[in-house]
Amino acid sequence: MSVSPVLLAEDVEAGYEPGLPIVKGASIHVGRGEIVVVLGPNGAGKSTLIKAIAGLVPVSRGHIALNGEAITHRPAHLMVRLGLAFVPQTENIFATMTIEENLQLAGHVAPAAERTSRIEAMFALFPDLANRRRLAAGRLSGGQRQMLAVARALMIEPSVLMLDEPSAGLSPKLVGEVFAKLAEIRKTGVTILLVEQNARAALAIADRAYILADGRNRHEGSAAALAADPDIAAHYLGLGGADGPMRGIAP
Amino acid sequence: MSLQFLADGLFAGALIGLGAVGLTLTYSILRFSNFTHGDFISWGAYLTLAIVGGIAGVIAPAGRFMPFSFGWPLIVAGLLAMALTGLLALLLDSALFKPLRRTGHGIVMVIASFGASLALRALLEFLFTSEPAYFSRAIQIAVPLGLGIRVTPDQMAMMGLALVVVIAMHLLLTRTHIGRSMRAVSENPALARVVGIDVAAVIRATWLIGGALACVSGIMLGITVQIRPQMGFDLLLPLFAAAILGGIGSVWGAILGGLIVGIAEAAAVQWVGAEFRSAVAFVLLIAVLLIRPRGLFGVREG
């Protein structure tokens, strides 16, 4: 693309054990204001790639940059200060803390004068959470937890919001709500990178998509073009054509 | 029937509870049973004693706050010793536990802490001998409170101190960023990093706070009983019993656990016999592990 990307990962090799890479040379870029989704079969290295970008998985080769600044080996806890927010797939909220405490904790990197107003802004964006602010987050339902995890990530007013399978474990109705919320968040100027198994829901809101297989780029293109390609749909997306079954989701 | 055991038990329980708060914090954040915690208690008492001695040597011995057995030198010394015990814990972490943490084997940490505990105790015996020492030899007259209960002014002051420290800990954990960060790391270290928490800084804070709390327990024990190199190690079993009874990670749980252990021990002394005192903590510990392993306020298992 012509404009310099907000987030760039080039030829990234990463994995938990030295010498055993799971991501074996993947490259992605995300332009300002885009929603980009990384798809692929189980074990393709999608989650490992996004965790490597977040600083949670060691990178053994390649280059990662945020807003032009190299962040390849930056410790995870410094990423939020650079404007990179990450929502893990599971255990993405502090269950023993209240909803408000979850947001306060995340808002600590914000200037002191803005913290309260940001929390109120999150309650305005997620009204479901507003009247439960003193409730232990562990008592929220699956969908509410996911919303809190996103709100927590937005507390830093990130330039890039990364999400690892936000649809995991949610009912189809809730998946729709979460993705509608992501589309709404993008309109506020936040760039979004997500990893998904639920290709249909993700492609519906994404601008572009990457398909990873065996830790490497396999396909990339506009979300509409990839969704319309019957070969890709059948091989990688589990869509089986335009009216095929969605991935099974436990209630 | 005398209710004296209640007063004795509450006092011993407050002391055990304070020690258990430090233990439960280090356990839940660092994820290993730290046997040196007992020795931090002894070191806290001896450091306070040494500083009180230093103050008395430089300035003429100060008077005491009637009706208590201590004066301002002990308060100054106690505050300094809290900081020093925290630093001692921090030093031990960087020299011993931090390199071992990277190996990721919890049992190695436990064994290392056992070894460090022996070394710390031996060092105290070398420096101060194993003879008991006292902050003051002033005789305390116990005040009758009714119902056959008698309590010394020192004991009342120490109960007040314990209450202040516990409330301060509660406020720290719920109202400050470092306190919330400690809770976050104890629940989910990986998510804590994602949220922007410097886990290494939280671990340092935990050692400082754990050491300072151990020092307060040491001072309480030193003022009301005596100071010995073994004093903290002898307290370890009740401390673990209280922390596990209350639920690992819970400050109020540790305090309540401490009170239960303290009162049960005192009741055993009164009704069964003093020789069964130390068995009580052990029986309680086993009972909790069998019946409710996550303790009274434990939020989750594993």
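Worth knowing before you read on, the calculation uses all heavy atoms, side chains too, and leaves out hydrogens, waters and symmetry mates. Just so it is clear: chains get the letters A, B, ... in the order the sequence lines come, proteins before strands, and each one is counted from 1.
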>> Give the interface residues of residues 196-203 of chain B toward chain A, defined by a heavy-atom separation under 4.5 Å.
In response: B/Gly196, B/Ile197, B/Asp198
>> Within the supplied structure, the quantity of interest is the number of heavy atoms (other residues, nucleotides, ligands) at a distance under 6.0 Å from B/Phe282 CZ; does it exceed 12?
In response: no
>> Checking an interface table here. Which of residues 166-182 of chain B come within a heavy-atom distance under 4.5 Å of chain A?
In response: B/Thr174, B/His177, B/Arg180, B/Ser181
> For A/Arg133, does the CZ atom have more than 12 heavy-atom neighbours from other residues, nucleotides or ligands under 6.0 Å away?
Replying inline: yes
> What pair of heavy atoms forms the shortest contact from A/Val80 to B/Val194, and how long is it?
Replying inline: CG1-O, 3.2 Å
> Does any heavy atom of chain B fall under 4.5 Å from the side chain of A/Leu84, the backbone, both, or neither of them?
Replying inline: neither
>> Please classify the contact between B/Ala192 and chain A as side chain, backbone, both or neither, with a heavy-atom cut-off of under 4.5 Å.
In response: both
> Which atom pair, heavy atoms only, marks the closest approach of B/Glu187 to A/Thr96?
Replying inline: OE1-OG1, 2.6 Å
> Do any of residues 142-153 of chain A come closer than 4.5 Å to chain B, heavy atom to heavy atom, and if so which ones, in number order?
Replying inline: A/Arg152
> Does B/Asn188 reach the main-chain N or O of A/Ile93 with its side chain, forming a donor-acceptor pair under 3.5 Å?
Replying inline: no
>> Could you measure the distance from the CZ atom of A/Phe94 to the CG atom of B/Leu191? Nearest 0.5 Å is fine.
In response: 3.5 Å
> How about residues 97-122 of chain A versus chain B: which residues have heavy atoms under 4.5 Å apart?
Replying inline: A/Met97, A/Glu101, A/Gln104, A/Leu105, A/Ala106, A/His108
